[in-house]
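For clarity, every value in this text was computed on a predicted model and none was experimentally measured. Below, chains carry the letters A, B, ... as their sequence lines are ordered, and counting in each starts from 1.
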Amino acid sequence: MSQGTNYVLGVYDDEDVLMDAIKTVRESGVKIEEVYSPFPVHGIEDVLGYKRSWLSIAAFMFGITGTTLALTMMVGMMGVDWPMIIGGKDYIPIPSFIPVTFEMTVLLASFGMVGTFFVISNLKPWGKPRIYDIRITDDKHVMAIDLDGNDKSEADIKKVLQGSGATEVNNKTFD
Amino acid sequence: MHAESEVRIPLVTGGKTVHDVSEDIAGRVEQKPTVTWMLAMAVSLALLLAGGYAVAITLWDGIGMWGLNKTVGWAWDITNFVWWVGIGHAGTLISAVLLLFRQRWRMSINRASEAMTIFAVICAAMFPVLHMGRPWLGFYWALPLPNTFGSLWVNFNSPLLWDVFAISTYFSVSLVFWYIGLIPDFATIRDRAQNKISRAIYGALSFGWTGGAKTWSHYETVSLVLAGLATPLVLSVHTIVSFDFATSVIPGWHTTIFPPYFVAGAIFSGFAMVLTLLLVTRKVYKLEDYITIQHVELMNIIIIVTGSIVGIAYITEFFIAWYSGVEAEQYAFINRATGPYWWAYWSMMTCNVISPQLFWFKKIRTNLAATFVISIIVNIGMWFERFVIIVTSLHRDFLPSSWAMFYPTMYDVGVYVFTFGLFFTAFFLFAKFFPVINMAEVKSIIKATGEKPTKSGN
């Protein structure tokens, strides 16, 4: 075998076959590194045993930061720094603060969540992606299995993949 | 597990496979620009240039070049602003609200309508920015920055300031939502690219996307949460735009019905503009299998619903003006219908209330030519709606000695033309270099809602 990280790739044409294949492969004791798809496959994270994404919690945290920031800003400017009576309203007119508070909450929640998503998913314009198979972004689902991370032999893993309905089983090496 | 009904009409016709989707959509991006496209681009650039002259003069000589006068201090600028912002409502509504309601038919129209939203909001922003007269000082005037004018802050009681926050948040969140959707599709184009330059450009645009299940799982959460955030955002934007009027004391503006009425009107005009653009894109790009008659019909149904809400709002306003017993309010409404601007009022009524009712006939709402014509009529009507609300309310001032009329100058017209140039230039660039249909999403429904219905579901 050559240097670097060696992968065995199972290529699947159909998402339903893929779902069953993931179950079969995992039951046979082969560790799947990741499954790559051209589109989101419904329920794939459950069969792969992934935890639910925690990004919604991140969005909430960024959201309340936005709420706090907006209220602090407006109370600080209109209530503390330069209090003025405008249209007979209080120095701190809470109803008038609602729109800006809402907008800042949404703005920070969205940008914070998307930023976190980019960071944890390692997405960046200068990123050099590992492309296992050029057809992943077209119409093939690819199951990537790291040979070093598995106890089974290459031949055994290939047999499991072929038995699970893979249309092709390939090797791929990254430096 | 759920089962799909077998009688459901397929959303993608023509027996397309997942690979066909990449071929049909990404293939368009790879082609050399066609003559039709270059002609369309030339016309848009000509509009941009001609309008650019009016913009330059407005900036150089000031907004005194517009037809505004002491009585009518707000006219075409704010009319065009509200019109464009309204058009900018359909995109995020389609992608966010229809995502929350799990309406899969949104998938082949969301990309282009979100693009339209973003360009429309940019066009809208032109008007308040130009109306500042000296836009380069706008940062001090519009944003809560410490300034040198005596540490005064912006006034958070003002709906105009709320608008600054609402529109800029709406623009940035829509842009992010749109871009997140584009990332997997850019990766498709990157992997299909034949030459180094386009591989590098689309590679950078795709942020190194690989399509791993873990990333998709986070991605889907991001889309869902963004949809959840964008839904109240869409509703807030036009609500706040309506506050620009509703919180004032001008007869005809000072009404509590404005927020829902404006939001319905925005969705109404937004869907009309989506139809205008998509019917052309569909034809030119031969996307008949993706944007089917069923899509057009569903959008037309939304037009009937929102058009009828707008119609009811007009009638309610009239009734409440009478019922309130406030003479100024009653006069404002009688004057709208019978005063010197009667033609604007009745154009609005005909275009917005009567024309969409034709869509009750299935023959008309499934007819592409009729839909195209009505979609344009609706947007003409929606422009008149804003003109009627703004100019007819202002032109009869509190003192009869101040009564006046508004006459647009060529600079008013020119700036409006400029935004059309901007909008179409941006849209045609998008249509050429970006995938016009969300490939990843459409691919995910090929099996479930393609022409061969699955018995087992998915």
Side-chain angles (χ1 to χ4, degrees), chain A residues 14-16 34-42 44-45 48 50 52-56 59 63 73-74 77-78 81-82 84 86-87 89 93 96-97 99-100 102-104 106-107 109-111 113-114 117-118 120-132 134-139 144, chain B residues 17-19 21-22 144 151-157 159 161-162 165-166 168-169 172-173 176-177 180 183-184 187-188 190-192 203-222 224-226 229-230 232-233 236 240 243 439-441 443-444 447 456 458:
Chain A
D14 186 290
E15 61 262 36
D16 294 334
E34 183 60 300
V35 177
Y36 297 88
S37 301
F39 52 81
V41 178
H42 200 66
I44 196 168
E45 57 273 28
L48 280 168
Y50 291 161
R52 195 170 156 263
S53 170
W54 48 269
L55 279 170
S56 43
M73 172 182 78
M74 290 185 287
M77 288 173 183
M78 297 193 57
D81 188 49
W82 198 283
M84 261 202 294
I86 296 163
K89 295 186 180 76
S96 294
F97 289 171
V100 172
F102 170 75
E103 302 298 333
M104 291 278 282
V106 170
L107 186 70
S110 315
F111 273 72
M113 176 182 59
V114 171
F117 167 64
F118 284 160
I120 62 169
S121 306
N122 198 21
L123 292 172
K124 45 186 186 284
W126 58 91
K128 291 264 177 295
R130 267 191 178 181
I131 296 172
Y132 290 83
I134 204 116
R135 297 165 300 171
I136 291 170
T137 52
D138 182 12
D139 62 346
Chain B
T17 64
V18 172
H19 177 68
V21 178
S22 314
S151 49
L152 273 174
W153 298 101
V154 285
N155 176 11
F156 286 101
N157 286 302
L161 182 65
W162 305 342
F165 279 85
S168 47
T169 302
S172 10
V173 173
V176 166
F177 203 177
I180 286 282
I183 287 177
T188 304
R190 171 198 69 199
D191 291 346
R192 287 169 54 96
L205 288 172
S206 70
F207 277 40
W209 177 266
T210 51
K214 188 144 236 163
T215 314
W216 272 124
S217 158
H218 285 312
Y219 178 92
E220 292 224 274
T221 305
V222 168
L224 189 65
V225 175
L226 274 182
L229 290 168
L233 185 63
S236 84
I240 294 174
F243 286 166
M439 293 189 276
E441 281 201 331
K443 284 174 183 175
S444 75
K447 204 175 168 199
S456 59
N458 55 353

Hey, which of [options] has the most heavy atom pairs under 4.5 Å with chain B?
options	value
A:Ser121, A:Ser110, A:Gly87	A:Ser110
A:Gly127, A:Gly63, A:Pro99, A:Ser56	A:Pro99
A:Met77, A:Lys128, A:Glu45, A:Lys89	A:Met77
A:Asp139, A:Leu107, A:Asp138	A:Asp138
A:Ile131, A:Ile44, A:Asn122	A:Ile131

For [X], is it the side chain, the backbone, both or neither that has a heavy atom under 4.5 Å from a heavy atom of chain A?
X	value
B:Arg190	side chain
B:Ile183	side chain
B:Ile240	side chain
B:Val222	both
B:Leu233	both
B:Pro159	neither

I'd like to know which of [options] tops the heavy-atom pair count under 4.5 Å against chain A.
options	result
B:Val18, B:Val225, B:Leu226, B:Thr188	B:Thr188
B:Ser217, B:Pro232, B:Gly212, B:Ala440	B:Gly212
B:Ile180, B:Asn157, B:Thr221, B:Leu161	B:Asn157

Contact origin within [X] toward chain B - heavy atom pairs under 4.5 Å:
X	value
A:Lys124	backbone
A:Ala109	both
A:Ile134	both
A:Phe118	side chain

Parallel, tilted or perpendicular: which fits the ring planes of B:His218 and A:Trp54, with parallel below 30° and perpendicular above 60°?
perpendicular
Among all residues two or more places apart in sequence or in another chain, which pass the ring-ring contact (aromatic ring centres under 6.0 Å, His included) test with A:Phe97?
none
Sequence neighbours excluded, which residues qualify as ring-ring contact (aromatic ring centres under 6.0 Å, His included) partners of B:Trp209?
B:Trp216, B:Tyr219
Residue pair [X] / [Y], side-chain heavy-atom distance below 4.5 Å:
X	Y	answer
B:Arg192	A:Thr137	no
B:Phe156	A:Met73	yes
A:Val41	A:Val35	no
B:Trp162	A:Ser96	yes

Please assess A:Ser37 against A:Glu15 for the test side-chain hydrogen bond (donor to acceptor under 3.5 Å, both in side chains), listing each intermediate value before the final yes or no.
CA-CA 9 Å; A:Ser37 301; A:Glu15 61 262 36; over 6 Å; no
Reported [atom1]-to-[atom2] distance for the pair [X] and [Y], which is rounded to 0.5 angstrom:
X	Y	atom1	atom2	answer
B:Glu220	B:Thr215	CD	OG1	12.0 Å
A:Arg135	B:Ser22	CZ	OG	12.5 Å
B:Thr210	A:Arg130	OG1	CZ	10.5 Å

